[in-house]
Amino acid sequence: MATQTQTANALDTFVSRTRALFASESDLDKRWAALAPILSDLLADPEVQAASSRWPDCVPADGRAENLLFYEDPDYKFAINGLTKASEGYGAQNRIHDHAHIYTLYGVLDGHEQILRYERLDDRSRPDYAEIREVADMRVGPGEIDLVKPYEIHTENSLGERTVAVIIRSEKSGGFNQGRYDPATNRYWESLGPKQTPTEMLPKR
């Protein structure tokens, strides 16, 4: 009797390539720079692009964002998230934040967004105070990837259309505090990162 062989899908391939990279490269900056082209291949996959139209919209609640959780690696602890925003997005100006100690690759799969980057100016001596200034204003679209290193300050804003991103994190967020910034008042505070909603990236075969 013939046996049926199940071929690897784009997510399987991404996980395999990422695990191989993490096993061979211990320098974190080099590791995360080398991961960008692997993520680029995942973003370009037609099956992933088609499936993303059916991913549920992420809805902020109780002061927290929501991420779709597609995968968490049992050994290297990296997590694969999805972020979907309806055409009205999260609002004209999303919260300015950092990701604490983790590395993040933010890959746009569909739609266009504005990414703003900031630098911190104060001496960090006051626990509830932070002076920041904008240092970059980028428009990004499908296939573009932004590497966010630990404690780098940024935000992503929707531009009036549904947007979808695939996010690779060095650790699943949601279980630790991240920095929040209000440049109008120089207020700084911390709160938990996005809640994680387990979701299938691709339909089961």
(request) Kindly say whether Asp182 contributes a backbone atom to a donor-acceptor pair with the side chain of Arg187 at under 3.5 angstrom? (result) no

(message) Could you walk me through whether Phe14 and Leu35 satisfy the side-chain contact (heavy atoms from CB on, under 4.5 Å) test, starting with their C-alpha distance in whole Å, then the side-chain angles of each, then the deciding distance to 0.1 Å, before giving a yes or no?
(response) CA-CA 10 Å; Phe14 176 84; Leu35 186 57; 4.1 Å; yes

(message) Suppose clustering is done on Ile, Leu, Val, Met, Phe, Trp and Tyr with side-chain heavy atoms closer than 4.5 Å. Which residues sit in the same group as Phe176?
(response) Ile102

(request) Please examine the side chains of Arg117 and Met138, heavy atoms only from C-beta on, and report whether any two atoms are closer than 4.5 Å. (result) yes

(message) Under 4.0 Å between a side-chain nitrogen and a carboxylate oxygen: does that hold for Asp57 and Lys85?
(response) no

(message) Quick check against the 3.5 Å criterion: does Glu25 have a side-chain atom that pairs as donor or acceptor with the backbone of Lys30?
(response) no

(request) Using a 4.5 Å cut-off on heavy atoms from C-beta on, say whether the side chain of Leu121 contacts that of Ile132. (result) no

(request) Using the rule that two of Ile, Leu, Val, Met, Phe, Trp, Tyr join whenever any of their side-chain heavy atoms come within less than 4.5 Å, decide whether Val148 and Val140 are in one cluster. (result) no

(request) State plainly whether one hydrophobic cluster holds both Leu39 and Phe22, where clusters connect Ile, Leu, Val, Met, Phe, Trp and Tyr through side-chain heavy atoms under 4.5 angstrom apart. (result) yes

(message) With clusters defined by side-chain heavy atoms of hydrophobic residues (ILVMFWY) lying less than 4.5 Å apart, directly or transitively, does Leu116 cluster with Tyr188?
(response) yes

(request) Salt-bridge test for Arg17 and Asp41: reply yes if a basic N is under 4.0 Å from a carboxylate O, no otherwise. (result) yes

(request) Indicate yes or no: at least one non-hydrogen side-chain atom of Arg19 is less than 4.5 angstrom from one of Asp73. (result) yes

(request) Write down the atom of Ala50, the atom of Arg54, and the distance for their closest heavy-atom approach. (result) O-NH1, 3.6 Å

(request) Might you point out which heavy atoms bring Ser158 and Thr163 nearest each other, and give the distance in Å? (result) OG-OG1, 4.0 Å

(request) Measure the CD-CD1 distance between Glu134 and Ile153 for me, rounded to the nearest 0.5 Å. (result) 12.5 Å

(message) Can you give me the closest heavy-atom contact between Ile168 and Trp32, atom names plus distance?
(response) O-CZ3, 3.6 Å

(request) Looking only at non-hydrogen atoms, find the nearest pair between Ala36 and Ile145 and report the distance. (result) O-CD1, 3.3 Å

(request) Give a yes-or-no answer on whether the side chains of Asp29 and Tyr103 include a donor-acceptor pair shorter than 3.5 Å. (result) yes

(request) Determine, step by step, whether His154 and Asp146 satisfy the side-chain contact (heavy atoms from CB on, under 4.5 Å) criterion, reporting the C-alpha distance in whole Å, the side-chain angles of both residues, the deciding distance to 0.1 Å, and the verdict. (result) CA-CA 11 Å; His154 63 286; Asp146 186 37; 5.6 Å; no

(message) I'd like to know if the side chain of Glu66 reaches the main chain of Val59, judged simply by a donor and an acceptor atom lying under 3.5 Å from each other, with no hydrogens or angles considered.
(response) yes

(message) For a 4.5 angstrom cut-off between non-hydrogen side-chain atoms, does Leu192 reach Asn177?
(response) yes

(request) For residues Ser170 and Thr104, determine if any side-chain heavy atom of one lies less than 4.5 Å from a side-chain heavy atom of the other. (result) no

(request) Indicate yes or no for a side-chain donor-acceptor contact from Ser24 to the backbone of Ala20 under 3.5 Å, with no hydrogens or angles considered. (result) yes

(request) Determine yes or no for a side-chain-to-main-chain donor-acceptor pair under 3.5 angstrom, with Asp98 supplying the side chain and Gly179 the backbone. (result) yes

(request) Spell out, as yes or no, whether a donor-acceptor pair under 3.5 Å connects the side chain of Arg64 to the backbone of Gly193. (result) yes

(request) Look only at the side chain of Asn67 and the backbone of Leu69, and say whether a donor-acceptor pair between them is shorter than 3.5 Å. (result) no

(message) Whether the side chain of Gln49 engages the backbone of Leu43 through a donor-acceptor N/O pair (distance < 3.5 Å, no angle test) should be reported.
(response) yes

(request) Check whether any side-chain N or O of Thr13 sits under 3.5 Å from a backbone N or O of Asn9 as a donor-acceptor pair, and report yes or no. (result) yes

(request) Using a 4.5 Å cut-off on heavy atoms from C-beta on, say whether the side chain of Ser173 contacts that of Gln178. (result) yes

(message) If the threshold is 4.0 Å, N to carboxylate O, is there a salt bridge linking Arg120 and Glu131?
(response) no

(request) Using the rule that two of Ile, Leu, Val, Met, Phe, Trp, Tyr join whenever any of their side-chain heavy atoms come within less than 4.5 Å, decide whether Ile96 and Leu147 are in one cluster. (result) no

(message) Quick one, His112 and Pro142 - any side-chain contact, counting heavy atoms below 4.5 Å?
(response) yes

(request) Please name all residues satisfying salt bridge (charged side-chain N to carboxylate O under 4.0 Å, His left out) with Glu171, sequence neighbours left out, ordered by chain then number. (result) none

(message) Would you call the rings of Phe78 and Tyr76 parallel, tilted or perpendicular, taking 30° and 60° as the class edges?
(response) parallel

(request) To the nearest 0.5 angstrom, please state how far the CG atom of Leu105 sits from the CD1 atom of Ile80. (result) 11.0 Å

(message) Do Leu28 and Ile167 sit in one hydrophobic cluster, given that two such residues count as connected whenever their side-chain heavy atoms are within less than 4.5 Å of each other, even indirectly?
(response) no

(message) Distance check, rounded to the nearest 0.5 Å: Glu200 atom CD versus Trp55 atom CH2?
(response) 11.5 Å

(request) Could you go through the side-chain contact (heavy atoms from CB on, under 4.5 Å) check for Glu72 and Arg169 one step at a time? (result) CA-CA 9 Å; Glu72 182 181 10; Arg169 306 186 191 275; over 6 Å; no

(request) Could you tell me the separation between the OG atom of Ser52 and the CG atom of Asp110, rounded to the nearest 0.5 Å? (result) 5.5 Å

(message) Just verifying a value: how many Å separate Leu11 CG and Leu42 CG, rounded to the nearest 0.5 Å?
(response) 7.0 Å

(message) Can a side-chain donor-acceptor contact be found between Ser191 and Arg180 if the only test is distance below 3.5 angstrom?
(response) yes

(request) Could you check Tyr129 against Trp189 for ring-ring contact (aromatic ring centres under 6.0 Å, His included), going step by step and ending with a plain yes or no? (result) CA-CA 8 Å; Tyr129 180 89; Trp189 72 104; over 10 Å; no

(message) For a 4.5 angstrom cut-off between non-hydrogen side-chain atoms, does Asn81 reach Leu68?
(response) no

(message) Does either side chain, that of Glu113 or that of Tyr106, offer a donor lying less than 3.5 Å from an acceptor on the other one?
(response) yes

(message) For Lys77, give me all partners under salt bridge (charged side-chain N to carboxylate O under 4.0 Å, His left out), at least two apart in sequence or on another chain.
(response) none

(message) For a quick test of reading the model, state the closest non-hydrogen atom pair linking Ala10 to Val48 and the distance between them.
(response) CB-CG2, 3.8 Å

(message) Working to the nearest 0.5 angstrom, can you tell me the gap between Ile38 CD1 and Ser16 OG?
(response) 9.5 Å

(message) Can a donor-acceptor pair be found, under 3.5 Å and without considering hydrogens, that links the side chain of Arg95 to the backbone of Gly63?
(response) yes

